[in-house]
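Working notes for the structure below.
Quick note on labels: first sequence line is chain A, next is B, and so on, each numbered from 1. As the structure is a prediction and not an experimental result, all values here were calculated from the model. When reading the values below, keep in mind they use all heavy atoms of this one structure, side chains included, and skip hydrogens, waters and symmetry mates.
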Number of protein chains: 2
Amino acid sequence: MTLLLSQLDLGTFLRIFIKRYLFKKFSFRILALMEVPKNAELTTDIDRQLNFYQKEDQVLLAVDCIIFGFDKTNLKILLIKRNFEPEKGKWSLIGGFLKKNENLDQAATRVLNALTGLSDIYMEQLYTYSKVDRDPGQRTISVSYFALIDVDSYQFDGIQIESARWFDLNEAPNLIFDHEEMIQKAIARLRRRAMTMPIGFELLPEKFTMRQLQNLYESILGKKLDKRNFINKVNSLDVLVKLNEKDMTVSRKGAYLFVFDKEKYEKKVTEDGFSFKL
Amino acid sequence: MTLLLSQLDLGTFLRIFIKRYLFKKFSFRILALMEVPKNAELTTDIDRQLNFYQKEDQVLLAVDCIIFGFDKTNLKILLIKRNFEPEKGKWSLIGGFLKKNENLDQAATRVLNALTGLSDIYMEQLYTYSKVDRDPGQRTISVSYFALIDVDSYQFDGIQIESARWFDLNEAPNLIFDHEEMIQKAIARLRRRAMTMPIGFELLPEKFTMRQLQNLYESILGKKLDKRNFINKVNSLDVLVKLNEKDMTVSRKGAYLFVFDKEKYEKKVTEDGFSFKL
DNA sequence: GCAAATAGTGTAAAATCGACACATAAAATT
DNA sequence: AATTTTATGTGTCGATTTTACACTATTTGC
């Protein structure tokens with residue numbers, strides 16, 4: 001136990017000690033404070049150099065993840081029942097707060113991993129929501145991310161959270177805050193991306209049938225597609241490999257399985273300026 | 001001068017006193033500190049009730065505006081020379097900090113207005129930048145916005161800032177922080193938007209010639225377009241009105257002026273599901 | 001009145017899109 | 001063993017959209 005004595009003003013104090021507080025095993029308890037006029041001279045020049053923006057407001061920064069999944073038939077979204085205030089017990093997107101020593105992508109990855117156990121997931125930043133009263137708890141700005149996972153690749157053991165559930169897009173419950181708005185924007189982005197980038201494969205198992213791929217696109221776009229036109233188009237892109245293997249679970253005849261050839265795709269992009277368009 | 005005595009740990013202390021520090025006339029000087037193990041119990045319940053997310057880190061939130069302009073020939077970007085630390089004297093985007101009582105759109109509008117005097121400007125949120133060390137001054141997260149204005153509609157009186165300047169896109173100076181990355185992303189967004197939304201007109205004066213419109217699109221896309229194909233396409237959209245008035249400043253023959261019929265456009269969108277595509 | 005400079009105009013070939021129907025393979029049933 | 005069932009797999013043609021391309025018209029300055 002150490003006793004420190006200081007004449008620094010609060011701003012300076014924070015800047016100097018906050019890192020120790022965050023990264024070391026010890027924190028500090030304040031034993032004595034002196035209130036002084038705020039416009040009093042800063043005591044040190046070091047102060048100026050350490051902190052330029054001292055008079056600005058700070059806010060909490062959250063990340064919220066819109067997690068899309070595909071169960072070989074329908075596009076789904078993963079929601080949780082909040083087990084903390086405010087709005088405890090209501091359905092919500094999976095979220096968390098940005099920490100000092102990470103960037104937003106890392107925060108989103110961490111939050112998703114903490115709640116699903118999954119890593120190496122496709123994620124993309126979407127939009128930042130900042131309505132003054134969006135969170136009744138405290139002024140919070142939230143950055144939304146969307147994530148794509150194959151529902152079947154991860155079995156819910158209920159280990160991570162007992163209150164998480166997949167919902168069909170149109171039967172999702174009412175959500176807290178502005179989370180429904182976030183989902184709408186995420187769907188729009190997903191639609192655009194699916195047409196111009198090979199991200200659909202993130203939602204499918206490694207091996208998939210043409211029918212599954214078409215179902216996926218129909219779910220994403222919310223409309224039926226013509227089977228032959230779809231297959232012709234996909235084939236013309238020339239980034240799938242047809243396996244000598246059939247999925248016999250759905251039809252008597254069986255359907256050939258395909259895999260997405262990511263290396264071939266990337267080679268085409270860099271060498272031929274190829275761009276994925278469906 | 002008041003003397004306070006407290007047993008709060010640092011986290012609690014911050015939450016309770018930071019508002020006074022920020023909003024009132026007084027600040028505090030710390031006279032004595034005690035270092036204690038970090039996992040020590042919180043002292044008050046009041047604490048919990050005051051703030052749901054009390055253990056979370058707060059950050060500064062900035063907005064940075066990528067302001068595009070068009071001088072009837074070239075696409076330009078507005079930059080300022082910073083007159084404050086850090087990086088004083090270097091070129092930078094126009095930016096500022098989010099305040100407690102406004103949302104991000106309002107902050108962006110305020111910042112742009114403060115520095116150019118312009119209001120009613122097309123703005124759109126782009127992306128949020130959060131690298132831990134992006135701003136050496138302090139942990140700052142920045143939300144970028146892009147704005148579109150007609151260079152000629154606003155004469156720089158040098159009133160607002162003497163150090164602001166329009167730069168051609170490819171002759172912009174080195175910028176601070178991650179501002180160049182922001183600009184690259186903004187250009188990409190502008191290209192996409194220009195092809196699918198009638199935002200190009202924000203960059204032109206109310207009356208413009210076909211050639212100016214084509215020059216604008218060529219600047220945005222960074223490539224030459226075929227004159228006849230361009231005009232045919234624009235005409236097929238049927239949202240411009242040809243005036244009985246010519247711009248005689250460029251050619252001997254003179255070129256007819258056009259205006260964008262916003263009402264017609266919006267009517268087509270809502271009534272016929274029309275979508276602008278160039 | 002002639003030179004200069006930019007405006008303005010149409011067509012044909014190529015590529016892409018969208019609609020559309022039937023034979024096939026294998027399992028399940030009889 | 002024959003039949004029924006069910007989803008798979010495959011190609012063409014017309015419509016639409018995109019691209020390439022060249023000459024005349026108008027007015028001012030000389």
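The side-chain tip of A:Arg228 does not point at the ring of A:Phe230 from less than 6.0 angstrom away and within 45° of straight on. Both tests do not hold together for A:Lys242 against A:Phe258: distance to the six-membered ring centre under 6.0 Å, angle to the ring axis within 45°.
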Under the side chain to side chain donor-acceptor pair (under 3.5 Å) rule, what do B:Tyr265 and B:Glu263 come out as? Steps first, then yes or no, please. CA-CA 5 Å; B:Tyr265 164 74; B:Glu263 283 175 27; over 6 Å; no
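The nearest whole Å value for the distance from the CG atom in A:Leu278 to the C1' atom in C:dT16 is 14 Å. Residue A:Met248 contributes atom CE, which lies 9 Å from atom P of C:dA28 at whole-angstrom precision. Note: CG (A:Asp247) to P (C:dA26) measures 14 Å, nearest angstrom. Atom NZ of A:Lys277 is separated from atom C1' of C:dA15 by 16 Å (rounded to the nearest Å).
Closest approach of A:Ser219 and A:Asn74 over heavy atoms only: OG-CA, 4.0 Å.
A heavy-atom distance below 4.5 Å is found between the side chains of B:Ile121 and B:Leu118. A heavy-atom distance below 4.5 Å is not found between the side chains of A:His179 and A:Ser142.
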Could you pull out the protein-nucleic contacts involving nucleotides 5-13 of chain D (nitrogen or oxygen on both sides, under 3.5 Å)?
from: D:dT8; atom 1: O2; to: A:Lys253; atom 2: NZ; distance (Å): 2.6
from: D:dG9; atom 1: OP1; to: A:Tyr256; atom 2: N; distance (Å): 3.1
from: D:dG9; atom 1: N7; to: A:Lys227; atom 2: NZ; distance (Å): 3.1
from: D:dG9; atom 1: O6; to: A:Lys227; atom 2: NZ; distance (Å): 3.0

